[in-house]
Amino acid sequence: MAVKPVPRRFYRRDPRDVAPELLNKLLVRGHRVARIVEAEAYVGSIDPGSHAFKGMTNRNATMFGPAGHLYVYFTYGMHWCSNAVCGDEGVGLAVLLRAASPLSGQEEMRANRGPLAGRDRDLCSGPAKLCQAFGIDGAFDGADVVKGDRGVVIGDDGTPPPTSPGVSRRVGLSLGHGDEYEWRWFVAGDPNVSRVNPGKPVDRTKRTRPGRGQDGVSPG
DNA sequence: ACCGGGATGTTCT
DNA sequence: GAACATCCCGGTG
């Protein structure tokens, strides 16, 4: 079956309904095509884990825009991650695209990811890997994936979402910041899923970066 | 398998 | 100045 863009009405709903149905849809950019196998819902003002929890800022403004656009953000000083904006305008809802199964264009993905990404399952098995493989960065923030703005489309080839997707808590949130909600869905058994089990939420009370440049001591 | 830690810089308080 | 919707590597079982 031919690939058709997922219509905008699909996104104009609660992201907790959109995320599981986004499984088995296609992320398409030029020759690169991958089947989405993992997604998380971020639920705006009721969700401490969401960038939109505290309202609109310069960074998250796209989340408050119309559904069916990409919200692309930069994190940890080096990674881009992308979401599909959901719900009604002005609310701040989104689904994070966490992992996908490469179908074509793997060589281009591998060129973007670097020599360390040997196997196909290393190309898109995480939100930042997926963006790197597809070359999605800040320039794609706001791109309309229904119209195919900037060459990126989320498409449907007729494959239905799984009848019984895997469900779990979300990945990478800190304790007390919405980590308890089971708003992650994935294609059970797919090797491209980032983690079978997200494990414990991150305890950020432990120092992970011992003081750098303290007491005026400069390195080198 | 699990866990610890480093890379890196933008965003928000 | 702390936190951060991550990833990769190396150590230990």
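Because only heavy atoms are used, hydrogens play no part in the values below, and waters and symmetry mates are left out as well, while side chains stay in. Residue numbering restarts at 1 for every chain, and letters A, B, ... go by the order of the sequence lines.
- Between the C1' atom of dA5(C) and the CZ atom of R195(A) lies a distance of 11 Å, rounded to the nearest Å.
- Between dA7(B), dT6(C), dC12(B), one nucleotide has an atom nearer to the side chain of M78(A) than all others, and that is dA7(B).
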Please test K129(A) against H79(A) for side chain to side chain contact (heavy atoms under 4.5 Å, CB included), starting from the C-alpha separation and ending with a verdict.
-> CA-CA 8 Å; K129(A) 296 181 192 178; H79(A) 296 303; over 6 Å; no
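- Nearest to the side chain of T75(A), among dT10(B), dT6(C), dC12(B), sits dT6(C).
- Of the residues near DNA chain C, S174(A) and P127(A), the one whose nearest nucleotide (by heavy atom distance) lies more toward the 5' end is S174(A).
- A donor-acceptor pair shorter than 3.5 Å cannot be found between the side chains of H69(A) and Y11(A).
- Atom NE2 in H177(A) sits roughly 12 Å away from atom C1' in dA5(C) (whole-Å rounding).
- Distance from the side chain of K129(A) is smallest to dC8(C) among dC8(C), dT13(B), dC4(C).
- For the pair K200(A) NZ and dA1(B) C1', the interatomic distance rounds to 13 Å; values are reported in whole Å.
- Using a 4.5 Å heavy-atom threshold, the side chains of P201(A) and L173(A) count as separate.
- Stacking of Y76(A) onto the six-membered ring of dG9(B) is not present when judged by under 5.5 angstrom between centres and under 30° between planes.
- For Y73(A) against dA5(C), a side-chain-to-base donor-acceptor contact under 3.5 Å is present.
- Listed by first residue number, the stems of DNA chain B with at least three Watson-Crick or G-U pairs below 3.5 Å are B:1-7 with C:6-12, B:9-12 with C:1-4.
- Ring centers of Y73(A) and H51(A): under 6.0 Å apart, within the cut-off.
- As rounded to whole Å, 12 Å separates atom P of dT13(B) from atom CZ of F53(A).
- Between the NZ atom of K54(A) and the P atom of dA2(C) there is a distance of 16 Å, given to the nearest Å.
- When heavy atoms are screened at a 4.0 angstrom cut-off, G49(A) is found touching base atoms of the nucleic acid.
- Among L103(A), I154(A), D156(A), V153(A), the one residue that satisfies the side-chain contact (heavy atoms from CB on, under 4.5 Å) test with L26(A) is L103(A).
- Contact annotation: the side chain of E38(A) never approaches that of L22(A) to less than 4.5 Å [non-hydrogen atoms, C-beta and beyond].
- Note on R113(A): only backbone sugar-phosphate atoms sit closer than 4.0 angstrom, heavy atoms only; bases stay farther off.
- Rounded to an integer number of Å, the gap from H51(A) NE2 to dC12(B) P is 9 Å.
- Checked against dT8(B), dC12(B), dT6(C), the side chain of H79(A) finds its nearest nucleotide in dT6(C).
- Inspection of the R98(A) and S194(A) side chains reveals an N or O donor paired with an N or O acceptor under 3.5 Å.
- The L116(A) side chain lies nearest to dC8(C) when the options are dC8(C), dC4(C), dT11(B).
- Which of dC4(C), dA5(C), dC8(C) sits closest to the side chain of Y71(A) comes down to dA5(C).
- Spacing between atom CG of D203(A) and atom P of dG5(B) amounts to 13 Å, rounded to whole angstrom units.
- Residue contacts for L96(A): at a heavy-atom cut-off of 4.0 Å it reaches a base atom on one of the strands shown.
- No engagement by R170(A) is indicated, since no non-hydrogen atom pair under 4.0 Å with the nucleic acid exists.
- Remark: R98(A) is in phosphate contact with dT6(C), judged by side-chain N or O atoms under 4.0 Å from OP1 or OP2.
- Atom CG in N192(A) sits roughly 13 Å away from atom P in dC7(C) (whole-Å rounding).
- At a threshold of 4.5 Å between non-hydrogen side-chain atoms, the residues R16(A) and Y181(A) do not count as touching.
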